[in-house]
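These notes are about the structure you will find just below.
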Amino acid sequence: MHISLTPKLEELVREKVESGLYNNASEVVREALRLMQQHDEIRRLKLERLREELAKGEADLAAGRVTVLDSDDAIEDFFARL
C-alpha cells in the first residue's frame, strides 16, 4: 500500500522517526492508526452511553417521573456523569 501525505504530515512523521521513538515511517503510521482506532472506540462508547441515558430519560418521562431543573444545571450534571 502506498499513501500520500501533505508536506506538513511528512515532516511530522520524519520528526517522530528522528526522535528515536520509532524505527521508520511505517511504525509511526501504524501507531497513528491504532490511536485513531482507540479514539473511534471511545467515541462509540460515549455515544452508546448517551443513548442509554436518553432511553432512561424517555422512560422516566413516560412514567411521570419528572423533576424540573434549571436547564444549564441539568446539562452540566448530565455531562459530568459521562
Side-chain angles (χ1 to χ4, degrees):
M1 177 183 296
H2 295 282
I3 59 170
S4 297
L5 300 174
T6 64
K8 189 173 183 176
L9 289 175
E10 279 188 33
E11 181 60 27
L12 179 60
V13 170
R14 192 175 304 109
E15 288 173 4
K16 293 293 183 182
V17 173
E18 289 172 359
S19 75
L21 294 173
Y22 302 91
N23 291 318
N24 54 53
S26 292
E27 285 185 6
V28 175
V29 172
R30 283 193 295 272
E31 178 71 10
L33 290 171
R34 280 191 290 272
L35 290 170
M36 184 187 302
Q37 192 173 34
Q38 288 174 351
H39 177 74
D40 290 347
E41 179 64 10
I42 290 168
R43 181 180 290 157
R44 185 191 68 75
L45 291 170
K46 284 183 175 183
L47 184 56
E48 182 180 306
R49 174 72 190 264
L50 178 60
R51 287 182 175 137
E52 290 170 359
E53 291 295 322
L54 286 171
K56 287 179 190 176
E58 289 174 341
D60 284 344
L61 280 172
R65 295 184 301 263
V66 179
T67 303
V68 178
L69 299 173
D70 176 77
S71 62
D72 289 338
D73 291 341
I75 291 170
E76 286 179 28
D77 180 59
F78 172 76
F79 283 107
R81 290 185 286 136
L82 287 182

Considering all heavy atoms, the nearest [X]-[Y] contact:
{"X": "Ala25", "Y": "Val13", "result": "CB-CG1, 3.6 Å"}
{"X": "Arg81", "Y": "Arg49", "result": "O-NH2, 3.6 Å"}
{"X": "Leu61", "Y": "Val66", "result": "CD2-CG2, 3.4 Å"}

Are Tyr22 and Leu5 linked, directly or through intermediate hydrophobic residues, by side-chain heavy-atom contacts shorter than 4.5 Å (ILVMFWY only)?
yes

Do Arg14 and Glu18 meet the salt-bridge criterion of a basic N to acidic O distance under 4.0 Å?
no

What I want to find out is whether Glu11 reaches Lys8 closely enough, with some N-O distance under 4.0 Å, to be called a salt bridge.
no

Measure the CD1-CG distance between Ile42 and Leu47 for me, rounded to the nearest 0.5 Å.
13.5 Å

Distance col, row Leu9:CG vs Ile3:CD1, nearest 0.5 angstrom, shows 9.0 Å

Verdict with supporting geometry, Leu35 and Glu31, side-chain contact (heavy atoms from CB on, under 4.5 Å):
CA-CA 6 Å; Leu35 290 170; Glu31 178 71 10; 4.1 Å; yes

Output yes when a side-chain donor or acceptor of Gln37 lies under 3.5 Å from a complementary backbone atom of Leu33, and no otherwise.
no

Counting only heavy atoms not in Arg51 (residues, nucleotides, ligands), do more than 12 fall under 6.0 Å from its CZ?
no

Residue that, paired with Arg43, satisfies side chain to side chain contact (heavy atoms under 4.5 Å, CB included) out of His39, Lys46, Glu41:
His39

